[in-house]
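Here is the structure we will look at.
All residue numbers refer to positions in the sequence shown, counting from 1. Please read all numbers here as calculations on a predicted model, not as lab measurements.
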Amino acid sequence: MKIKGLNLDIVWKDKNENFRLIEEELNDQEADLFLLPEMFSTGFCMDASEVSDRNEEALEFLKKISKQKNTAFCGSAPVAENGNFYNRMYFVKPDSTVVFYDKRHLFSFSGEDKVYTPGKERVIVEYKGIRFFLQVCYDLRFPVFARNNDDYDAILYVANWPDKRVGAWEHLLKARAIENLSYVFGLNRIGTDGNNLFYQESSHCFFADGKEIAQKDKNIVSAELSIDELVDFRKHFQFLNDRDHFSIQI
């Protein structure tokens, strides 16, 4: 399976312009799955009442472009629902089937926990024979929630992770791959946001042994995922059999 992520310089609070940029950047690209950054339509914005989707704008865009390109799309957007706001990660298939994950770990350092409502479920979606575990940005710092219980093959992280802490982002992505015997694709945004935070190019894809497998060309980060290669690796290194067993109370 080929996955491509877009290192997008998100335009602050401008959904239509971001939709236009995504279509332009991906116009001649082909992949089985495209990844977009966290809050790809607005930037990582705490003005939830202003920017959150009330008419599924981001979701409708993803459905449209997924159908046009006959491939899956995944990314997060701010959503208003039943009086709450969510940082919602969508996985949209070409037939318009939608699976979503609401970000569990909200970034209290920026006040995200005061504005958005945390999700309550781990979400795994299967597509073309690969089981994807959906995660958003700050979730990366919480390995217990992400522990592989033999229920996924790849973790998808979409993020707005600024350059001041990018070392942690890169080390933790590799750690999640190694400890979970899993592919890990971490897609970060680039550029400067409305809070004057800078984001350097720092998207990666790691194999289960921690090896970088991503290829980069301008703003496109691509990786080939082989379920057969992963299964063979897990058969040889059966570390997950020795994992601790526990339950999480959410």
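A salt bridge is absent between Asp32 and Lys2; no separation between the charged side-chain nitrogens and carboxylate oxygens falls under 4.0 Å. A salt bridge links Lys103 with Glu38: at least one charged nitrogen is closer than 4.0 Å to a carboxylate oxygen. Salt-bridge check for Lys63 with Glu56: failed, with every basic side-chain N at 4.0 Å or more from each acidic carboxylate O. Salt-bridge check for Asp150 with Arg243: passed, with a basic side-chain N closer than 4.0 Å to an acidic carboxylate O. Using a 4.0 Å cut-off between charged side-chain N and carboxylate O, Glu57 and Lys15 make a salt bridge. Between Lys218 and Glu25, no side-chain nitrogen of the basic residue sits less than 4.0 Å from a carboxylate oxygen of the acidic one, so the salt-bridge criterion is not met. Using a 4.0 Å cut-off between a side-chain N of Lys or Arg and a carboxylate O of Asp or Glu, Asp9 and Arg189 qualify as a salt bridge.
The local environment of NZ in Lys174 is sparse, with at most 12 non-hydrogen atoms from other residues, nucleotides or ligands closer than 6.0 Å. Within a 6.0 Å radius of CD in Glu121, other residues, nucleotides and ligands contribute 12 heavy atoms or fewer. In Lys13, the NZ atom is crowded: over 12 heavy atoms of neighbouring residues, nucleotides or ligands sit closer than 6.0 Å. Counting non-hydrogen atoms of other residues, nucleotides and ligands closer than 6.0 Å to NZ of Lys211 gives a total of 12 or fewer. Residue Gln215 qualifies as open at atom CD: its count of foreign heavy atoms under 6.0 Å is 12 or below.
Under 3.5 Å, the side chains of Asn188 and Ser202 contain a donor-acceptor pair of N or O atoms. Inspection of the Ser226 and Asp228 side chains reveals no N or O donor paired with an N or O acceptor under 3.5 Å. For Asn87 and Ser76, the side-chain atoms include at least one donor-acceptor pair closer than 3.5 Å.
Between the CZ atom in Arg88 and the CG atom in Leu134 there is a gap of 12.5 Å [rounded to 0.5 Å]. Taking CG from Leu33 and NZ from Lys93, the interatomic distance works out to 11.0 Å, rounded to the nearest 0.5 Å.
Using a 4.5 Å heavy-atom cutoff, the side chains of Ile178 and Asp209 are not in contact. Using a 4.5 Å cut-off on side-chain heavy atoms (C-beta onward), Leu36 and Ile22 make contact. In this structure the side chain of Phe239 never reaches within 4.5 angstrom of the side chain of Asn241, judged on heavy atoms. Side-chain atoms of Leu26 and Lys4, non-hydrogen and from C-beta on, never get closer than 4.5 Å to each other. With a 4.5 Å cut-off on side-chain heavy atoms, Leu35 and Leu156 count as touching. Looking only at side-chain heavy atoms (C-beta outward), Phe246 and Val144 come within less than 4.5 Å of each other. Looking at heavy atoms from C-beta onward, Arg122 lies in side-chain contact with Asp151 at the 4.5 angstrom threshold.
Aromatic rings from Tyr127 and Phe91 are positioned such that their centres are separated by under 6.0 Å. Taking the centre of each ring, Phe233 and Phe207 come in below the 6.0 Å mark.
Ring geometry for Phe61 versus Phe19: interplanar angle under 30°, hence parallel rather than tilted (30 to 60°). Relative ring orientation between Phe133 and Tyr152 is described as parallel, the plane-to-plane angle staying below 30° on a 0-90° scale split at 30° and 60°.
Asn180 places a side-chain N or O within 3.5 Å of a backbone atom of Asn148 that can act as its donor or acceptor partner.
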* Pair Asp153-Tyr183, side-chain hydrogen bond (donor to acceptor under 3.5 Å, both in side chains): steps then yes or no -> CA-CA 6 Å; Asp153 308 304; Tyr183 286 103; over 6 Å; no
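Asp113 and Ser108 get closest at one heavy-atom pair: OD1-CA, 3.2 Å.
Partners of Phe142 according to the ring-ring contact (aromatic ring centres under 6.0 Å, His included) rule, which considers only residues two or more places apart in sequence or in another chain, are His105, Tyr138. A search for salt bridge (Lys or Arg N to Asp or Glu O under 4.0 Å) contacts involving Glu17 returns Arg20, not counting sequence neighbours.
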